[in-house]
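Input: a single structure, listed below in structure tokens.
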Amino acid sequence: MKKLFIITLLSLFTICSNLVFAQTGNLIISPHIGAGISKTQSFLSPGITYSGGITAEFKLNDMFSIIGGIFYDHKEARDKINAVDSLGVTIINARINHNYEFLTVPILLKANFGNSDKIKYFINAGPYTSFLLQQSLVSYNLEDNSVSTSINTDLHNKIEAGITIGTGVAINMCERMNLLLELRSNIGLTNLSKTEGATTKTQSALLLLGFGYSF
């Protein structure tokens, strides 16, 4: 995993370096933060997701850009267990969160639209690679309000590949600063589960807020 992570970052650095020298003055650095909903298996309920990271955008021309970045992503799905014995006495009444913590590296192609200097609309899409930092099950006992956590990272594959699709608006705040609002969907394509016969693929939808600064 470490080798693939290093190769991915080196590839991203190489692309970025070439574009910086080729497109001087067209670099936009943007921190982002956002939240939304996520899910994994169909029998689990959706949970919350939140994300934060930074991107570097390089303008290829007036319409198209390429974006590289790195994000911390929290994704989860939820389950509820309510079991009673033959006498109707509650044996277990709990909510279980399936939590996934990732370091995600997307590489996106972005298309910008609009004739206004104040507001630009955009769409972007491309692949991402996520590196699983930790997977945990957090059980909330609804009877006595106790909480227990188990770490199950070793039961999962450490790398997830997927695609990102987003659309949004960039609002010019001043000469070099843009406010960015984006609806983004991350769709996992590879199975995270090592358990035979089980399939775990993540999906998330987020509203991201960012600030782009042009150099």
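The residues of the chain are indexed from 1 along the displayed sequence. The model shown is predicted, which means the values in this text are computed figures rather than measured ones.
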> Do you see a donor-acceptor pair shorter than 3.5 Å between the side chains of Q41 and T199?
Replying inline: no
> What's the shortest heavy-atom distance between T104 and S130, and which atoms?
Replying inline: OG1-OG, 2.7 Å
> What's the spacing between I33 CD1 and L206 CG if we round to 0.5 Å?
Replying inline: 11.0 Å
>> Starting from Y50, can I reach L209 by hopping between I/L/V/M/F/W/Y residues whose side chains sit under 4.5 Å apart?
In response: yes
>> If the test is side chain to side chain contact (heavy atoms under 4.5 Å, CB included), which one of I48, I187, N186 qualifies with S204?
In response: N186
> How close do S139 and I96 get, heavy atom to heavy atom, and via which atoms?
Replying inline: OG-CG1, 4.1 Å
>> If you apply the rule side-chain contact (heavy atoms from CB on, under 4.5 Å), what do you find for F58 with L27, and how did you get there?
In response: CA-CA 5 Å; F58 306 95; L27 168 65; 3.1 Å; yes
>> Looking at every heavy atom in both E101 and H74, which two are closest together, and how far apart are they?
In response: OE2-ND1, 2.9 Å
>> For Y100, give me all partners under ring pair (Phe, Tyr, Trp, His ring centres under 6.0 Å), at least two apart in sequence or on another chain.
In response: H156
> Tracing side-chain links under 4.5 Å among I, L, V, M, F, W and Y, which residues wind up in one group with Y140?
Replying inline: V138, V147
> Can you tell me if NZ on K194 sees more than 12 non-hydrogen neighbours from other groups inside 6.0 Å?
Replying inline: yes
>> To the closest 0.5 Å, what do you measure between CG (L133) and CZ (F102)?
In response: 8.5 Å
Side-chain atoms of residues 170-182: list all donor-acceptor pairs with protein atoms under 3.5 Å, sequence neighbours left out, distances to 0.1 Å.
from	atom 1	to	atom 2	distance (Å)
N172	ND2	C174	O	2.8
N172	ND2	N178	OD1	3.1
R176	NH1	S214	O	3.0
E182	OE1	R184	NH2	3.2
E182	OE2	N124	ND2	3.3
E182	OE2	R184	NE	3.0
E182	OE2	R184	NH2	3.3

>> Would you say F131 ends up clustered with L155 if hydrophobic residues are merged whenever their side chains have heavy atoms under 4.5 Å apart, either directly or through other cluster members?
In response: no
>> How long is the straight-line distance from CD1 of I163 back to OH of Y128, given to the nearest 0.5 Å?
In response: 8.5 Å
> Can you list every side chain to side chain donor-acceptor pair (under 3.5 Å) pair that touches residues 109-123, not counting sequence neighbours?
Replying inline: E57-K110
>> Under the rule for side chain to side chain donor-acceptor pair (under 3.5 Å), what residues qualify as partners of H98, not counting sequence neighbours?
In response: none
> Nearest heavy-atom pair of N157 and L132: which atoms, and what distance?
Replying inline: O-CD2, 3.6 Å
> Is T55 reaching over with its side chain to a backbone N or O of P31, donor-acceptor style, under 3.5 angstrom?
Replying inline: no
> For I28, which fellow cluster members are found when Ile, Leu, Val, Met, Phe, Trp and Tyr are connected by side-chain heavy-atom distances below 4.5 angstrom, either directly or through intermediates?
Replying inline: none
> Quick one: which of Q135, K158, K201, E160 gives a side chain to side chain contact (heavy atoms under 4.5 Å, CB included) with L192?
Replying inline: E160
>> Quick one, M63 and F113 - any side-chain contact, counting heavy atoms below 4.5 Å?
In response: yes
>> As an exercise, state the distance from CD1 of I67 to CZ of F122, rounded to the nearest 0.5 Å.
In response: 7.5 Å
> Roughly how far, to the nearest 0.5 Å, is the CD1 atom of I54 from the OG atom of S30?
Replying inline: 8.0 Å
>> Any non-hydrogen side-chain atom of V169 less than 4.5 Å from a side-chain atom of I119?
In response: yes
> How far apart are the closest heavy atoms of T149 and S136, and which atoms are they?
Replying inline: CG2-CB, 4.2 Å
> If every non-hydrogen atom of T49 is compared with every non-hydrogen atom of A205, which pair is closest and at what distance?
Replying inline: CG2-O, 4.1 Å
> CG of N97 to CG of L137: how many Å apart, nearest 0.5 Å?
Replying inline: 9.0 Å
> Quick check: does any side chain N or O of S38 sit under 3.5 Å from a backbone N or O of E76, one acting as donor and the other as acceptor?
Replying inline: yes
>> For a ring-ring contact (aromatic ring centres under 6.0 Å, His included) check, start with the C-alpha distance between F211 and Y213, then their side-chain angles and the critical distance, and finish with the verdict.
In response: CA-CA 7 Å; F211 293 92; Y213 187 82; over 10 Å; no
